[in-house]
There are 2 protein chains.
Amino acid sequence: MAWARWGSHPWLVLLCAYAWGHPKSLDQREDVRNCSISPPYLPVTAVNTTAQLTALRQQMYIHNLSAYIVPDTDAHMSEYIGEYDQRRAWITGFTGSAGVAVLTMGKASLWTDSRYWTQAERQMDCNWELHKEVGTTPIITWLLTEIPVGARVGVDPFLFSINSWESYAKALQVSDRELLSIPVNLVDLVWGSERPPVPSEPIYALQEAFTGSTWQEKVAGIRSQMQKHLEAPTAVLLSALDETAWLFNLRGSDIPYNPFFYSYTLLTDSSIRLFANKSRFSSETLQYLNSGCTGPLCVQVEDYSQVSGSVQAYASGDVKIWIGTSYTSYGLYELIPKEKLIEDTYSPVMVTKAVKNSKEQTLLRASHVRDAVAVIRYLVWLEKNVPQGTVDEFSGAEQLEKFRGEEEFFSGSSFETISASGLNAALAHYSPTKELHRKLSSDEIYLLDSGGQYWYGWTTDVTRTVHWGTPSAFQKEAYTRVLIGNIDLSRLVFPAATSGRMVEAFARKALWDVGLNYGHGTGHGIGNFLCVHEWPVGFQSSNIAMAKGMFTSIEPGYYLDGEFGIRLEDVALVVEAKTKYPGTYLTFEVVSLVPYDRNLIDVSLLSSEQLQYLNRYYQIIREKVGPELQRRQLQEEFSWLQRHTEPLTARAAPTTSLAPLVTVSALAILGWSV
Amino acid sequence: MAWARWGSHPWLVLLCAYAWGHPKSLDQREDVRNCSISPPYLPVTAVNTTAQLTALRQQMYIHNLSAYIVPDTDAHMSEYIGEYDQRRAWITGFTGSAGVAVLTMGKASLWTDSRYWTQAERQMDCNWELHKEVGTTPIITWLLTEIPVGARVGVDPFLFSINSWESYAKALQVSDRELLSIPVNLVDLVWGSERPPVPSEPIYALQEAFTGSTWQEKVAGIRSQMQKHLEAPTAVLLSALDETAWLFNLRGSDIPYNPFFYSYTLLTDSSIRLFANKSRFSSETLQYLNSGCTGPLCVQVEDYSQVSGSVQAYASGDVKIWIGTSYTSYGLYELIPKEKLIEDTYSPVMVTKAVKNSKEQTLLRASHVRDAVAVIRYLVWLEKNVPQGTVDEFSGAEQLEKFRGEEEFFSGSSFETISASGLNAALAHYSPTKELHRKLSSDEIYLLDSGGQYWYGWTTDVTRTVHWGTPSAFQKEAYTRVLIGNIDLSRLVFPAATSGRMVEAFARKALWDVGLNYGHGTGHGIGNFLCVHEWPVGFQSSNIAMAKGMFTSIEPGYYLDGEFGIRLEDVALVVEAKTKYPGTYLTFEVVSLVPYDRNLIDVSLLSSEQLQYLNRYYQIIREKVGPELQRRQLQEEFSWLQRHTEPLTARAAPTTSLAPLVTVSALAILGWSV
């Protein structure tokens with residue numbers, strides 16, 4: 001899944017388009033607000049926010065603030081956030097996943113990206129201004145026009161990364177305003193009884209069969225890194241939810257799509273302190289954690305709310321605390337004296353987790369066979385049902401989830417399924433709803449980006465784009481160039497420790513050649529029953545170098561606003577490459593096992609090497625998925641798989657009957673095998 | 001020229017080999033010191049440094065220092081430094097261009113890279129330890145073992161970039177040592193009368209015909225950027241020597257290979273202050289600068305030594321000073337209060353200078369025709385003389401300089417010529433000397449990396465690798481893969497504003513495919529009669545995005561230690577690309593005009609597109625250089641050029657006589673033009 005995290009990770013440069021066809025101008029439409037008429041027009045979907053705004057401004061007044069910023073994340077810089085943390089949604093009415101709200105005494109403004117402009121106009125009342133921009137710069141520019149010199153801007157420091165705090169603080173400071181850290185969240189103060197309760201579902205341990213190492217082994221590994229570190233850290237502080245989940249092989253359900261629970265960990269050289277609500281652990285889980293004993297391999301479970309106090313107390317000693325700045329909130333960061341901090345972009349847990357051991361790799365391969373069965377069942381089902389006109393984007397996504405649900409160990413989707421037909425596929429992050437969706441048609445391209453979470457240790461993510469009718473020549477060309485990008489990056493041989501950034505252009509070259517491109521990143525790491533977007537692996541400048549045992553998605557695309565969209569995404573394992581001359585070289589092994597759509601491939605654009613690679617990949621799909629379909633007696637799906645993985649042959653020659661022979665000879669002359 | 005700047009720009013990862021064949025072990029050799037015997041053995045080339053060390057330690061004692069660091073740069077972070085600034089050479093005896101010396105009261109140590117290990121063992125006496133490492137980390141690690149907690153390490157802050165100061169300061173601080181800024185250079189205090197005099201050659205203005213814009217236009221352009229800047233700078237402070245030279249179209253000769261003069265500029269919204277020795281300007285030049293008048297377009301020439309005082313005085317006002325941190329010394333940086341600084345990696349002059357206007361582009365094209373004539377004359381001369389056994393690396397380089405010297409407007413080499421035969425070519429930065437060089441032979445590869453400075457506004461840099469006999473199959477394969485890399489990057493089409501880092505792997509792919517690579521960067525910007533290595537253009541992560549009008553070298557290579565080396569370097573202009581679908585895309589136009597060595601090309605490795613590109617390039621060389629050779633009545637060179645730019649044809653077909661026809665038909669079938 002192409003991932004946009006507008007603030008800290010500019011994955012998507014810009015995707016401006018609209019989701020539901022060419023709409024009327026906004027002031028003629030009934031589904032969106034119109035604040036330019038008197039009285040303003042509000043659709044039924046709009047939320048009256050007057051009461052909450054008044055209450056929040058009262059708090060701002062008490063704290064002597066001219067402005068208050070309400071961001072869209074939680075205290076762990078999570079990609080998906082729980083209901084309990086949806087402060088921005090509650091104060092604005094707008095429920096989209098990305099968007100920052102800023103209040104002054106006179107104005108209320110929301111900044112969000114093009115995916116959400118229509119949704120914001122539907123959900124917000126006229127208390128709110130919508131700013132169609134992203135990033136901190138436009139917010140700061142706006143603030144400087146709205147609040148006077150000397151004014152104070154308040155934020156909850158636990159909802160800001162260190163970087164994002166510093167960019168606001170610096171910009172305000174040079175303009176003689178002040179950013180103020182207010183550790184009590186002002187929205188929470190006024191949210192009151194409407195606020196969803198703190199999650200209380202059990203926190204559970206994974207079965208040992210489904211984990212790569214025991215938590216004791218992982219703790220020992222991290223401590224060994226601490227001992228080897230030149231600056232001699234005495235502790236590692238973990239803030240990202242997947243860090244704690246990974247370290248202890250624990251999971252929960254506090255966050256949608258991610259099996260995490262609210263937590264922090266302070267791992268010292270002699271103790272392990274896990275901050276989470278103790279009542280959520282069963283006695284078996286507490287026993288599993290050696291909780292209650294003392295010693296360096298006993299986990300002391302402390303209450304989640306005690307983290308600030310405990311970290312501050314620990315930091316008062318003769319200690320050095322090692323943190324990853326990407327996921328540590330400014331709220332925790334400001335509690336630790338600078339000289340007691342060791343700052344890396346990513347914590348040692350984040351970096352260690354990025355490389356999967358052989359057991360984890362085996363679990364992954366198995367999960368991808370199962371996941372391919374579900375996706376193939378869905379593609380077969382679509383092929384039969386779309387021509388009947390009975391499938392829409394939403395019912396399709398439900399059907400897919402049904403098929404995935406029939407796979408052993410399935411525990412839910414790894415993100416909201418992107419099931420997009422026709423012009424909706426041009427929106428890289430479009431998801432249909434029960435109310436708003438488009439019918440699938442044999443005349444349109446359909447883009448499906450989806451994945452599953454599996455108890456036995458893996459998360460999947462795969463995108464296929466299909467067309468059941470007669471695609472245009474341009475659609476075929478664009479699809480084939482996207483496919484070439486996927487193939488060329490997947491088969492690239494590169495030196496060990498190359499950064500993804502240095503090689504991702506191989507996924508774009510075939511598009512660039514003719515003046516086409518895509519506006520999102522080319523891939524992201526993926527977890528073991530953890531995040532579907534797992535940093536720090538991937539192809540962006542903030543990612544770490546590629547190493548054997550890492551997994552990344554490879555997902556070039558092409559999007560034509562208002563027309564169609566294409567994305568082809570596979571998950572690939574970084575493996576050693578065999579080269580003619582000796583050296584430590586790497587390449588990718590694709591582990592996703594779903595055929596591409598032959599109907600959209602223009603074989604004449606593929607080089608002989610690309611064709612050979614593709615046919616080898618199809619052979620692997622046959623070998624791995626075929627027997628599983630047969631074992632499950634999915635005969636129709638098995639036949640479909642055979643048809644869709646028939647070896648593709650080079651472009652048929654033109655008119656003369658001699659031509660095929662000539663082609664073959666010439667390819668041989670050119671040293672190609674056909 | 002592949003550029004190593006070990007400290008701040010890790011261009012070359014590692015090139016470990018030796019220059020003069022497989023030597024005896026060091027303790028059997030007479031050309032290097034042997035400090036392990038008693039009494040130590042010192043060759044005649046070694047310098048006795050006891051007196052200067054004693055004097056410097058006395059200064060350290062006065063300043064209460066446990067250690068003193070003597071780096072290898074000047075106050076402008078120059079790549080090449082003048083005699084006047086060769087402090088490290090004077091204190092150590094070692095004259096290599098890269099190397100940092102550190103003194104404690106008991107020890108004296110030098111850190112340098114593999115290019116210089118032998119030279120250091122020849123030139124240093126046994127007062128000095130040689131550390132075969134680079135970067136700040138090994139120096140810091142050593143310091144921590146040599147000096148106690150609480151100790152003070154002194155440095156001249158004008159010889160440290162901001163980043164390098166901060167990395168030393170932070171590492172020492174966390175280990176409870178202190179880095180101390182001592183604005184008076186302690187080496188200078190003890191150098192005394194032995195020190196070369198301050199350069200006093202005239203500073204002169206370029207003819208207007210040879211400049212892209214007048215200095216007044218350039219000043220207006222920078223001021224306009226200041227006015228548009230959100231943080232409202234009141235001044236730009238320029239520290240790099242080429243910034244001042246570029247801004248005023250002035251040149252000097254204080255630095256080898258670079259036509260610069262010691263200078264700083266403080267360009268404010270209402271004044272222009274040029275810090276340089278006033279006595280070096282003629283009255284015409286002072287008039288050219290409007291010196292003596294008052295007003296925003298009058299240049300006030302102040303003494304070079306006044307820069308600190310003047311900047312400090314200016315910074316005491318209500319001002320904002322915009323700097324590029326890459327070239328500003330910590331010495332100037334620490335004089336300006338943080339809140340009055342606007343810090344970018346590169347100053348607006350550095351970034352503006354990177355894009356050449358059409359007049360500059362025209363001058364460049366003309367200079368490359370002239371430069372190609374000189375290089376081609378040399379290649380022809382080599383072809384005749386090498387088989388006689390009368391040419392060595394050094395005499396060859398001299399002959400080349402003679403040919404370049406016969407070109408109109410030539411003003412000297414743009415760097416020390418790399419003229420390397422056989423195993424010496426494996427050293428990316430090897431240069432022969434009068435004393436130490438290898439004979440050129442028809443049995444060995446010869447690598448020539450050289451360039452000229454031309455008064456009429458350009459600097460050139462070109463590398464060709466040749467073999468006059470029978471190269472091995474591996475040499476041909478390696479050469480051809482390097483050539484493919486050069487071609488594939490040169491013909492790449494990429495979106496505007498793509499960073500060089502994202503595309504440089506196209507120059508490596510053909511090598512990576514078989515497990516080969518090279519350890520240096522892929523290219524660097526180049527100036528208009530300025531630096532041969534002109535930041536911030538190029539293919540490294542610290543370079544800025546590619547834009548139309550930039551020039552960069554493209555120079556993949558391959559080096560086999562102890563055997564041979566290959567590099568193919570061209571200068572290329574970034575131009576707009578025409579694409580099938582509309583969009584703002586860029587590509588490169590190669591402006592170097594010297595044919596590659598056919599004797600080393602394995603045509604069978606080239607794709608049809610690569611071959612087509614190469615033949616088109618050869619056609620351009622013929623069209624541009626041919627007439628110039630004829631005009632100069634260089635008939636032998638003209639014939640050589642015709643022979644060496646004959647179109648190359650695809651690999652000859654196998655046995656049957658029909659084959660050529662089949663090849664052509666098949667290429668036509670595949671849509672290729674032949």
Side-chain angles (χ1 to χ4, degrees), chain A residues 137 140-141 144 171 173-175 230-232 320 339 342 474 477-478 488 492-495 498-499 501-506 508-509 511-517 541 577-585 587 604 607-608 650-651 653-654 658-659 661-671, chain B residues 137 140-141 144 171 173-175 230-231 320 339 342 474 477-478 488 492-495 498-499 501-506 508-509 511-517 541 577-585 604-605 607-608 650-651 653-654 656 658-659 661-671:
Chain A
T137 309
I140 291 164
T141 309
L144 295 185
Q173 192 215 334
V174 297
S175 310
L230 277 181
E231 294 186 51
K320 278 264 160 80
E339 66 275 13
I342 300 173
F474 179 62
E477 175 176 2
D488 279 355
L492 187 75
V493 173
F494 54 91
T498 299
S499 77
R501 185 69 171 168
M502 269 193 73
V503 299
E504 76 127 8
F506 288 95
R508 299 181 186 269
K509 182 183 179 297
L511 290 163
W512 286 357
D513 278 346
V514 291
L516 307 179
N517 199 4
S541 53
K578 288 193 189 78
T579 50
K580 181 175 174 185
Y581 302 107
T584 314
Y585 283 75
T587 189
S604 74
S607 75
S608 160
R651 181 163 60 152
L658 243 170
L661 177 66
V662 176
T663 308
V664 171
S665 323
L667 291 175
I669 290 165
L670 292 164
Chain B
T137 310
I140 291 164
T141 309
L144 296 184
Q173 191 215 335
V174 298
S175 309
L230 277 181
E231 293 186 51
K320 278 265 161 80
E339 67 276 12
I342 300 172
F474 179 62
E477 175 176 1
D488 279 355
L492 187 74
V493 172
F494 54 91
T498 298
S499 78
R501 186 69 169 169
M502 270 194 73
V503 299
E504 77 127 9
F506 288 95
R508 299 180 186 271
K509 182 182 181 296
L511 290 162
W512 286 357
D513 278 346
V514 292
L516 306 178
N517 200 4
S541 52
K578 288 193 188 75
T579 50
K580 181 175 174 183
Y581 302 107
T584 314
Y585 282 76
S604 75
L605 290 174
S607 74
S608 160
R651 182 162 60 152
T656 76
L658 242 168
L661 177 69
V662 174
T663 307
V664 172
S665 325
L667 292 176
I669 289 163
L670 290 165

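Being a predicted model, the structure only gives us computed values, none of them experimental. A note on names: the letters A, B, ... follow the listed sequences, proteins ahead of strands, and every chain is numbered from 1.
Taking CG from B/Leu230 and CD1 from A/Ile140, the interatomic distance works out to 10.0 Å, rounded to the nearest 0.5 Å. Residue B/Arg501 holds its CZ atom at 11.0 Å from OG of A/Ser541, rounded to the nearest 0.5 Å. Between B/Asn517 atom CG and A/Tyr581 atom OH the span is 14.5 Å, to the nearest 0.5 Å.
Ranked by heavy-atom pairs under 4.5 Å with chain B, the first of A/Glu477, A/Lys578, A/Glu504 is A/Glu477. Highest contact tally toward chain B, considering only A/Val514, A/Val493, A/Leu144, is held by A/Val514 [criterion: heavy-atom pairs under 4.5 Å]. The candidate from A/Glu339, A/Met502, A/Arg508 with the greatest count of non-hydrogen atom pairs under 4.5 Å with chain B is A/Met502.
Looking at every heavy atom in both residues, B/Pro495 comes nearest to B/Tyr585 through N-CD2, 3.6 Å. Here the shortest heavy-atom pairing between A/Ser175 and A/Ala171 reads OG-O, 3.2 Å.
Looking at A/Phe494, the atoms closer than 4.5 Å to chain B (heavy atoms on both sides) sit in the backbone and in the side chain alike. Within the 4.5 angstrom heavy-atom criterion, only side-chain atoms of A/Lys320, from C-beta onward, approach chain B. With a 4.5 Å cut-off on non-hydrogen atoms, A/Leu492 touches chain B through its side chain but not through its backbone. Only the side chain of B/Thr498 comes within contact range of chain A, with heavy atoms under 4.5 Å apart.
Scanning for side-chain hydrogen bond (donor to acceptor under 3.5 Å, both in side chains) contacts around A/Lys509 gives A/Asp513, with sequence neighbours left out.
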